[in-house]
Amino acid sequence: MHPYRTHTCGVLRKQDVGIEVKLSGWVHRKRDHGGVIFIDLRDHYGLTQVVVNPGSSFFEAVEQVRNESVVTLTGAVVARTPDTVNPSMDTGEIEVVAGSFIVESACDMLPFPVNQDLEYPEEARLQYRFLDLRREHMHRNILLRAKTAQLARQHLIEQGFIEYNTPILTSSSPEGARDYLVPSRLYPGEFYALPQAPQQFKQLLMISGFDRYFQIAPCFRDEDSRADRSPGEFYQIDIEMSYITQEDLFGELELLMCRLFKTLSNRKIVAEKFPRIPFREAIEKYGSDKPDIRFGLEMVDCTDLFCSCELKVFKNQVETGGAVKVLCAKNAAAQPRKFFDDAEAFAKGEGAKGLAWIALRDGELKGPIVKFLSDTEKQALVARMGAADGDALFFGAGQRAETNALLGKVRLYLGNALGLIDRSLAAFCWIIDFPMFEWNEEDKKIDFSHNPFSMPQGGLEALETKDPLDILAFQYDIVCNGIELSSGAIRNHRPDVMLKAFQIAGYDEETVRSKFPALWNAFHYGAPPHGGIAPGFDRIVMLLADEPNIREVIAFPLNQKAQDLMMGAPSEVMPKQLQELHLQIKYPPKA
RNA sequence: GGGGGCGUAGUUCAGUUGGUUAGAACGUCGGCCUGUCACGCCGAAGGUCGCGAGUUCAAGUCUCGUCGCUCCCGCCA
């Protein structure tokens, strides 16, 4: 017999009755009846019920063994009597009668139960992640992650893509997120940086004559975390192609996403050709560049209706160039007062000022602001919104950008509170036509709004003749259910365009040459037009698994404060290590 | 850096307008039990109510501070 096992705990069936087996695994649960003891033995593959009869030499050892200890036992597979068959277990028609039993490794008292799928404090879960991962739910998530990676690879290879590796130790780049730095031993005072993304390398691969690149690429950014954003490191399904248009890339990604979601989730994909929504339209209709389009409830611009309105909050905003936007929530008028208060409270965090609501009940408009509106204004409003009796209108008034953001939050609140969101759907969309530049109010200068390596629409001519803030880029995001999965772009591949774009953002030629020497040089030696995208792998798995938090689909995540509680990272290092790296620590003053 | 929520046994939670010895379930330990599958029954141990100050005759409960966790904003080209 094998040293540990002849079978795993998930495979034995009725046809195996009669054979002798050797099983190893964890004591998932134990039922001690005094005379007979049942053990549910668990391994990666499943559960098998083991029966320990009285008189066994190891009976006492079984009585004493604690849950989650690792044991090895031998025994005969027997059929359960019809009244003891457990139909909810895969192996429920058989059981193994123990003939020998040893404890491989005993388990201490557990910090939390492993055999239940309940919520426990994340601190304990992360400190004892090896136990947390034994739990069925987490085990399943990690397997789903592996399947997602495998299917993505398989699909992309079938589509003619090739997987490349790019460096982990590279150079720091001035744009973008805060870098993780790695001090150089050989060059005092100099540093490597971990890549925020393999952006420049994949572009260089295109220039090297390869085509259709992909990599499930680790990326490192020293920025604070969110529920859908791990601190420190994450993975992207990084893709780049030569000689493509934006639409070519969209088609390729739609195939990949649909394949992943059809195969690995139960979500119904709303449209397999994802709607293209221009950035400005998304902001105006949904108040967000990552709209959740599982439901409608679009914002309508009613600014012109309130030019001479008696309601000062509205009128003042309109006169100072602001906007009044309105949402029409169907059949929401009958909601209790708390519903309306909560809508305001939900948006309050956004610095809500001009927020108001009106309910249409019994053919009349009701709410705090109604008395300030003329009959003409009321009629125009109802007509434009297509409002009917029983509906409720929500208003946002203020400067346009803030109002859009504010009412966008209200829209999400209403979508949730009114049950407008069908959670079984996967609603993808492309947000296109991002502006190339944006105004940085703090530094009083023009910045790149997204990716500095994107091709501006209109090329060099646009850069030279248009107002920079009016220039759009071949830059796009893919969004699913209100979660941004990725940005991508058709890249700029010409040195003259690169130079001009960086000049507009305040970088001179010398800076471009010295900070991006590779791309700058490479663009002078025949660069193909190319473009790509990099959907966040962890976020895709999160959506597939229907998890609210990205740490649920990562085996060993850092906590919110970027610490590894299990390994004790980050940690201080030996003085000798610092010396070799020519580093000295200057601690911040203690408060 | 800023804001919201939370903090009671190993774990999940309850704890009334401030009022006697802070409870339950699961887990742990001990005892009983030969067919359970979340086995059942009896018993025991286990608490600085995050920490510190304040108000009060009296604080788990009220106030302030502080620490921790979490979610959000900033940030993430």
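Naming: A, B, ... by sequence-line order, numbering from 1 per chain.
- Comparing the C1' positions of B/rG7 and B/rG60 gives a spacing of 11 Å, expressed to the nearest Å.
- With sequence neighbours left out, A/T403 forms a side-chain contact (heavy atoms from CB on, under 4.5 Å) with A/K325.
- Only the P atoms considered, B/rU70 is 32 Å distant from B/rG54, to the nearest whole Å.
- Stacking between A/H33 and the base of B/rU36 is absent under the criterion of ring centres within 5.5 Å and planes under 30 degrees.
- Below the 3.5 angstrom threshold, one finds a donor paired with an acceptor across the side chain of A/N86 and the base of B/rC37.
- For A/A569, the side-chain contact (heavy atoms from CB on, under 4.5 Å) partners are A/D564, not counting sequence neighbours.
- To the nearest 0.5 Å, the span separating CZ on A/R513 from CG on A/L499 amounts to 8.0 Å.
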In residues 126-133 of chain A, what donor-acceptor pairs under 3.5 Å come from side-chain atoms, sequence neighbours left out?
{"from": "A/R129", "atom 1": "NE", "to": "A/A555", "atom 2": "O", "distance (Å)": "2.7"}
{"from": "A/R129", "atom 1": "NH1", "to": "A/D132", "atom 2": "OD2", "distance (Å)": "2.7"}
{"from": "A/R129", "atom 1": "NH2", "to": "A/R551", "atom 2": "O", "distance (Å)": "2.7"}
{"from": "A/R129", "atom 1": "NH2", "to": "A/I554", "atom 2": "O", "distance (Å)": "2.8"}
{"from": "A/D132", "atom 1": "OD1", "to": "A/R125", "atom 2": "NE", "distance (Å)": "3.1"}
{"from": "A/D132", "atom 1": "OD1", "to": "A/R135", "atom 2": "NE", "distance (Å)": "3.1"}
{"from": "A/D132", "atom 1": "OD1", "to": "A/R135", "atom 2": "NH2", "distance (Å)": "3.2"}
{"from": "A/D132", "atom 1": "OD2", "to": "A/R125", "atom 2": "NE", "distance (Å)": "2.9"}
{"from": "A/D132", "atom 1": "OD2", "to": "A/R125", "atom 2": "NH2", "distance (Å)": "3.0"}

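- With no hydrogens or angles considered, a side-chain donor-acceptor pair links A/N141 and A/E547 at under 3.5 Å.
- In this model, no donor atom of one side chain and acceptor atom of the other lie less than 3.5 Å apart for A/Y286 and A/D292.
- Between B/rU63 and B/rU55, the distance separating the two P atoms is 15 Å to the nearest Å.
- Taking the side chain of A/R226 as heavy atoms from C-beta on, and the options B/rC72, B/rC29, B/rG1, the nearest nucleotide is B/rC72.
- Applying the side-chain contact (heavy atoms from CB on, under 4.5 Å) rule to A/D222 yields the partners A/R178, A/Y180; only residues at least two apart in sequence or on another chain are considered.
- Nucleotides B/rG2 and B/rA45 place their C1' atoms 46 Å apart, quoted to the nearest Å.
- A gap of 11 Å separates the P atoms of B/rU16 and B/rU61, to the nearest Å.
- Every side-chain contact (heavy atoms from CB on, under 4.5 Å) that A/R29 has, sequence neighbours left out, goes to A/R31, A/D40, A/N115.
- Residue A/Q560 places at least one side-chain N or O under 4.0 Å from the OP1 or OP2 atom of B/rC71.
- For the residue pair A/D433/A/Q457, the side-chain donor-acceptor check at 3.5 Å is satisfied.
- Contact check, A/R31 against B/rU36: no side-chain N or O comes under 4.0 Å of OP1 or OP2.
- Nearest to the side chain of A/D224, among B/rC71, B/rG74, B/rC69, sits B/rG74.
- Checked against B/rC37, B/rU70, B/rU36, the side chain of A/D40 finds its nearest nucleotide in B/rC37.
- Partners of A/F474 under the ring pair (Phe, Tyr, Trp, His ring centres under 6.0 Å) rule, at least two apart in sequence or in another chain, do not exist in this structure.
- Using a 4.0 Å heavy-atom criterion, one finds that A/R551 contacts the sugar-phosphate atoms exclusively.
- Summarising the geometry, the separation between CG on A/D32 and C1' on B/rG27 is reported as 16 Å, rounded to the nearest angstrom.
- Using a 4.0 Å cut-off, some side-chain N or O of A/R66 falls inside it from OP1 or OP2 of B/rC29.
- Residue A/D447 is out of contact with every strand shown, counting any heavy-atom pair closer than 4.0 Å.
- Checked against B/rC26, B/rC71, B/rG35, the side chain of A/F38 finds its nearest nucleotide in B/rG35.
- At the heavy-atom level, A/E95 lies under 4.0 Å from base atoms of the strands shown.
- Note on A/N549: a side-chain N or O is less than 4.0 Å away from OP1 or OP2 of B/rC71.
- Side-chain nitrogen and oxygen atoms of A/R29 include at least one within less than 4.0 Å of the OP1 or OP2 phosphate oxygen of B/rC39.
- The 5' end of RNA chain B is approached more closely, in terms of each residue's nearest nucleotide, by A/V36 than by the other of A/V36 and A/K290.
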How does each nucleotide of nucleotides 2-13 of chain B score, in 5' to 3' order, for protein heavy atoms under 4.0 Å: base (B), sugar-phosphate only (S), or none (-)? --------SSS-
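- Between B/rC69, B/rU36, B/rC71, one nucleotide has an atom nearer to the side chain of A/K561 than all others, and that is B/rC69.
- Comparing the C1' positions of B/rC62 and B/rG19 gives a spacing of 14 Å, expressed to the nearest Å.
- Between A/F502 and A/F516, the ring planes are tilted. Angles from 30° to 60° get that label.
- Centroid-to-centroid, the aromatic rings of A/F448 and A/F434 stay 6.0 Å apart or farther.
- Residues from residues 43-59 of chain A that place a heavy atom under 4.0 Å from any atom of RNA chain B, listed by number: A/Q49, A/P54.
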Just list the side-chain donor-acceptor pairs under 3.5 Å for residues 51-64 of chain A, sequence neighbours left out, or say none.
{"from": "A/S56", "atom 1": "OG", "to": "A/N53", "atom 2": "O", "distance (Å)": "2.6"}

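- Screening residues 41-52 of chain A for salt bridge (charged side-chain N to carboxylate O under 4.0 Å, His left out), with sequence neighbours left out, gives A/R5-A/D43, A/R42-A/E68.
- In this structure, CG of A/L412 is placed 13 Å from C1' of B/rC72, rounded to the nearest angstrom.
- Nucleic acid contact class of A/Q199 (heavy atoms, under 4.0 Å, all strands): base.
- When the C1' atom is compared between B/rA14 and B/rG23, the two are found 7 Å apart, to the nearest whole Å.
- Atoms CD1 (A/I39) and C1' (B/rU36) sit 13 Å apart, rounded to a whole Å.
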Table of protein N/O atoms under 3.5 Å from nucleotides 42-46 of chain B N/O atoms:
none

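- A donor N or O paired with an acceptor N or O is not found under 3.5 Å between the base of B/rG35 and the side-chain atoms of A/D83.
- Side-chain atoms of A/Q215 and A/T166 form a donor-acceptor pair, as typed in the model, at a separation below 3.5 Å.
- Within 4.0 Å of A/S454, counting heavy atoms only, lies no atom of the nucleic acid at all.
- Between A/E223 and A/R229, no side-chain nitrogen of the basic residue sits less than 4.0 Å from a carboxylate oxygen of the acidic one, so the salt-bridge criterion is not met.
- Whole-Å rounding puts the A/Q236 CD to B/rC76 P distance at 15 Å.
- At the phosphate of B/rC73, neither OP1 nor OP2 sits under 4.0 Å from any side-chain N or O atom of A/R229.
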Any chance you could encode RNA chain B as dot-bracket? Rule is Watson-Crick or G-U wobble with both distances under 3.5 Å; [ ] for pairs crossing earlier ones, | for another strand. (((((((..((((.....[...)))).(((((.......))))).....(((((..]....))))))))))))....
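- Relative orientation of the A/F250 and A/W430 rings is parallel, given thresholds of 30° and 60° on the angle between their planes.
- Here B/rC76 presents its P atom at 13 Å from CG of A/N451, a figure rounded to the nearest Å.
- Remark: the separation of the C1' atoms in B/rU21 and B/rA58 is 16 Å, to the nearest Å.
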